[in-house]
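Computed over heavy atoms, backbone and side chain alike; hydrogens, waters and symmetry mates excluded. Below, read A as the first sequence line, B as the second, and so on, with proteins coming before strands; counting in each chain starts at 1.
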Amino acid sequence: MNWGSLSAFIEMGGYGGYVWGSFGVTAVCFVLEAAAVAARRRSLLRERRELD
Amino acid sequence: MIMTDIRWFKYSSPQTFYPLAGTLAPWFSAAAALLAIAGLYISFFMAPTDFQQGEAYRIIFIHVPAAWMSMFLYLVMAVWAAIGLAWNTRLSSMMACAIAPTGAIMTFIALWTGALWGKPMWGAWWVWDARLTSELILLFLYLGFMFLHAAIDDPRRADRAAAVIAIVGAINVPIIYFSVKWWNTLHQGASVSLMRSPSMAATMLLGMLVMALAFWMYSIAVILMRVRCVIIERERHADWIKAPGALE
Amino acid sequence: MLEVSKLECARGERLLFRDLNFVLEAGTLLEVRGANGSGKTSLLRMLCGFLQPAAGEISWRGKTVNAGNEEYRSELAYLGHHNALKDELTPLENLRYALRLSGIGATDTRLQEALEWAGLRERRHQSCATLSQGQRRRVSLARIKLSPSRRFWILDEPFTALDVAAVERTRDLVAAHLAGGGMAALTTHQEVPIPAPATQRVELSA
Amino acid sequence: MLEVSKLECARGERLLFRDLNFVLEAGTLLEVRGANGSGKTSLLRMLCGFLQPAAGEISWRGKTVNAGNEEYRSELAYLGHHNALKDELTPLENLRYALRLSGIGATDTRLQEALEWAGLRERRHQSCATLSQGQRRRVSLARIKLSPSRRFWILDEPFTALDVAAVERTRDLVAAHLAGGGMAALTTHQEVPIPAPATQRVELSA
Amino acid sequence: MSAPGLLDSVVAVVARDLRIALRRRADVMTSLIFFVIVVSLFPLGVGADPVLLRTLGPGVVWVAALLACMLALARLFANDYADGTLEQMVLAPQPLALLVLAKTAAHWLTTGLPLVIVAPLLGVQFDLDADALLILLASLLLGTPTLSLIGGIGAALTLGLRGGGALLALLVLPLYIPVLIFGAGAVEASAAALGAGAHLSLLAALLLGSLVFAPWATALALRIAIE
Amino acid sequence: MSAPGLLDSVVAVVARDLRIALRRRADVMTSLIFFVIVVSLFPLGVGADPVLLRTLGPGVVWVAALLACMLALARLFANDYADGTLEQMVLAPQPLALLVLAKTAAHWLTTGLPLVIVAPLLGVQFDLDADALLILLASLLLGTPTLSLIGGIGAALTLGLRGGGALLALLVLPLYIPVLIFGAGAVEASAAALGAGAHLSLLAALLLGSLVFAPWATALALRIAIE
Ligand code: HEM
Ligand SMILES: Nc1ncnc2c1ncn2[C@@H]1O[C@H](COP(=O)(O)OP(=O)(O)OP(=O)(O)O)[C@@H](O)[C@H]1O
Ligand SMILES: Nc1ncnc2c1ncn2[C@@H]1O[C@H](COP(=O)(O)OP(=O)(O)OP(=O)(O)O)[C@@H](O)[C@H]1O
Ligand SMILES: [Mg+2]
Ligand SMILES: [Mg+2]
């Protein structure tokens, strides 16, 4: 265990902005990408239902 | 994807691949989630602090997998596109189409995390070194593929045109890499070297590998999901897709 | 000579025609008819090899028509919606280069004759950009006239923009080609009966 | 209403016509005839004000036709060799923007009706780039159809690329406009007799 | 023509052009990416020395913005000319200069504005500091509309000339030079702690001048082009 | 098809394109003048410090040459495509890749070669010495044909796409980077007394590679474009 406290974990030894900026943006990218694909699928299915 | 018997042909039709992708995607998603949790645990709680870089080096656990994926996905995309061009197989072109956005995102992540790493390490968000420059150009190649595809209305024609640029790009990536490397070393020495103690190398490598696997699984899952969308869009008027329940 | 079997054409998501079959022999005129948007141009472009059939086959002397079939291309003359003229060049130069490009030799006298036929003798040194719609079409037709060695003529709406006299001359040109054992595929919306040893009609209805 | 006097047209170094005089009143059809290159398109473009006459004058309600004459332009509808369609937009959008641009109001229902008239109801959401030659011409004609408030229609070869049914519909459209007191100037090489309260013919011979 | 009809026509022109741009989103993006690529080419051409690059930064970004604007100009009227919509625009009862202004506005929104927005990101690649980035942003915001307006004249003049692209460059680039000088100058002045105010107000003056003058000249050129 | 017929077709293509270029001399000139203006703009953007300019010289000349080549690319097939001559070329019994090579050659003669010829003049503006100028000339002579060849692929792929100019840039510029690096690198290496031999032979290798590969890819792209 590397971290004494939550704040130490968040601070990352002074590099918090960089580390969380990286991990955060990566997570956001993945979530957005997955959401975009899901939305695309939903709209296709909706279009399909309207066709029927 | 290596299947030597006739089933290979069977799954190369969108109609049979569609349900297969639907079955596989959840498994890959679950694997991605599990591996990501494990990888994050290793990255933050097992790997010790680097004595030179402090905590900033933890960026490596996403930077390197993203960089690997970005290059590997380009290659896979180019191969699918080439197969589509040569044998006129619909599914392979659809695969290429589905891979491109994920590849571009991986490239973006590699660039972004690299920049966030570079600021504390080198004091600059960006330097013009071989690896960085060729990664940037890789992003342009991905965008070129996607925009060319988007600019052509007829999907079959778009597939074939985009395949040409994917192949040409694939040939050029190594050329670009070596040219930039050579160019750079003529000006200045390599400014990056990650110092690390041998004891931490093992955990670090493990963390990187687990995270890389997680990225792999994620990519496969999202690509399978996307290719399902592409199949629906392209095969909209095919009989099989109009059948009730075909889209499940 | 030209065999078309089970031809199917899809543009975008629309099926234009399917299961089209015909055979063209020497002296046959193929008249493609149909309303606007029924796929006439698409069919002719398939015959040229520009467009991939969605299904079915086109073969010439038993060999499939595709990018590799250079023999077929050397027996083909095509007039499309576009006139294939360079605005910067004069009618004379345009004809000369077009024929050399497709490997048809023609002396300057023959070029002049063809332009005379097209009623453009006076304009042969004027740049094509300044010609009227109909005059431009005539230059293109002069190119076709100079390609009698090409067995198979593919003409997409050859009569557009032509005045009455020019339409008649063009009709006679095609008739003569057919009488000499040539073949032609042609679309038009105008009623211009072309005498031919044999005529085959394809009606497209989208 | 439209008075043309002593009109002279020169393109390059060639004099196409000179001393052309005519007057158009409500209900009159102007039929411009002539061989290819005789100057029909040039005459119509002069009537639009695009081209400066080499000599002579064109006036509308007593005022000279030129760049400053906005009143004239607000009574004009023009169909040229080009269809004035944006490839990226659908027929419906093209019509909508074209009419708003020229200040003609039209409800969506009226737009739909016009497309129905053009036989393009099914294609109203397909981008214009994918339409056939004749279909594109029809969209343009639908725009003219929606401009009955424009007194003077200038139509350069409206029938090109149209199939027989569409030619008839277009003829009826022009006839109705004339019967309603409109005016039209028209060129064509096809023999399409248009019933009109009064017809004026201009024969050009270069 | 009544005032509402006039406004409606202008709105219709802007709306149509924006919709076309939206439909060809790749178009808008590509002009942006061209900008990014050209900026990135320079370090590859001149070497990667960070100190050198810092001095070059503003100049390179401005030159690239200028080239990107110029490239996009070809699209301003060329398509309208080729497909005949330009003739319809000239025939519209509204004053042509006003419609031209509407088209130029739409053009700037789809090509100039995106450049302005990404420029700071590129400035970072050249290691510019926050102040310099801000001035860069301001100078581009004032300068790029001028580029679109002036460029319109050149675009109209070269209509219908085959290979007009290069001719366009020739006509337009000399007119762009003042914008370039004041634009890049503003950033350099602020870097040298001289204050960019004077440069920026000159840019604003250029913008005002071209707003008044350019649409009128462009309209004239368009009338000549369709003759 | 007999060999003489084949040669005649190739000659006809080259002769026709040269004649068109001759008739539109302004075109050829403008791509050249674009080159000159961009190179001259640069000092305006970055300031006139002579030492700085000397280091920048080769890079700027090369970047400008690359942009000029790229701008001219749009002309390579676009007109042929629009007026239907391209279809006739595809229909010709000769191998399409060969005709493409002929067109590319004509294009280089009318756009690349003039650049190469004036480049030394511009180098002088940047105070390059005689040796460096010579290497600059050699590198451009070896590099610009590669630009035309590779560019042809992009030009063919973007045919008929609205707003193709920027898309073309996006596709082609990344592929140009090795040429730029070796080209500018050659001059810099010779300035640093390192010898430009290696760079020049790499440029030659790129040229050979693209001579073999590019016409074939371009022909493929053209067939796709006219579909
Ligand atoms: C925007 C900036 C950056 C980009 C685009 C970038 C790109 C890349 C790429 C493409 C790779 C994979 C190369 C390979 O596997 O051979 C990579 C790996 C790596 N990068 Fe970065 N990088 C950036 C910044 C940084 C920084 C600032 C550091 C550290 C100070 C760094 C450290 C590493 C390390 C340690 C590897 C793994 C090397 C290996 O496994 O061989 N990177 N990066
Ligand atoms: N710059 C020029 N120099 C010489 N002649 C020119 C020039 N521009 C146009 N012409 C001539 O002017 C005439 C153009 O006429 P126009 O386009 O009005 O013909 P048209 O009657 O509409 O013909 P069509 O029936 O073919 O459409 C042509 O004969 C053309 O050769
Ligand atoms: N991408 C596409 N998506 C949908 N439909 C398309 C697409 N491309 C072409 N089409 C349709 O295909 C048909 C094209 O047919 P083609 O141009 O061959 O018609 P044609 O018979 O030559 O008509 P015309 O008499 O008007 O010249 C049109 O109906 C058009 O709407
Ligand atoms: Mg047709
Ligand atoms: Mg005419």
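A heavy-atom distance below 4.5 Å is not found between the side chains of B:V168 and F:L171.
Around the CE atom of B:M217, the shell of radius 6.0 Å holds more than 12 heavy atoms that belong to other residues, nucleotides or ligands. Heavy-atom neighbours of B:F108 CZ from other residues, nucleotides or ligands within 6.0 Å: above the threshold of 12.
Closest heavy-atom contact between B:F140 and F:L170: O-CD1, 3.9 Å. Here the closest heavy-atom approach between residue B:I137 and residue F:P174 is recorded as CG2-CB, 3.7 Å. Among all heavy-atom pairs drawn from B:S179 and F:I181, the shortest one is O-CG2, 3.7 Å. A pairwise comparison of heavy atoms in B:N172 and F:P178 identifies OD1-CG, 4.2 Å as the closest pair. Across B:A161 and F:I224, no two heavy atoms sit closer than the pair N-CD1, 3.9 Å. The two residues F:L175 and B:G169 have their closest heavy-atom pair at CD2-CA, 4.3 Å.
Look at B:R156 and F:E227 and you find no salt bridge, because none of the NZ, NE, NH1 or NH2 atoms lies under 4.0 Å from a carboxylate O.
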Please test B:I175 against F:I177 for side chain to side chain contact (heavy atoms under 4.5 Å, CB included), starting from the C-alpha separation and ending with a verdict.
CA-CA 9 Å; B:I175 300 179; F:I177 284 170; over 6 Å; no
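If you take CG on F:L157 and CD1 on B:I152, they are separated by 7.5 Å, rounding to the nearest 0.5 Å.
Interface residue B:L85: only side-chain heavy atoms are found under 4.5 Å from chain F. Looking at F:L159, only its backbone comes within 4.5 Å of chain B, counting heavy atoms on both sides. Interface remark: F:L220 contributes side-chain atoms only to the contact with chain B (heavy atom separation under 4.5 Å). Contacts of F:A225 with chain B are made by both backbone and side-chain atoms, with heavy-atom separations under 4.5 Å.
Within residues 202-213 of chain F, the residues approaching chain B closer than 4.5 Å by heavy atoms are, in numerical order, F:L202, F:L206, F:F213.
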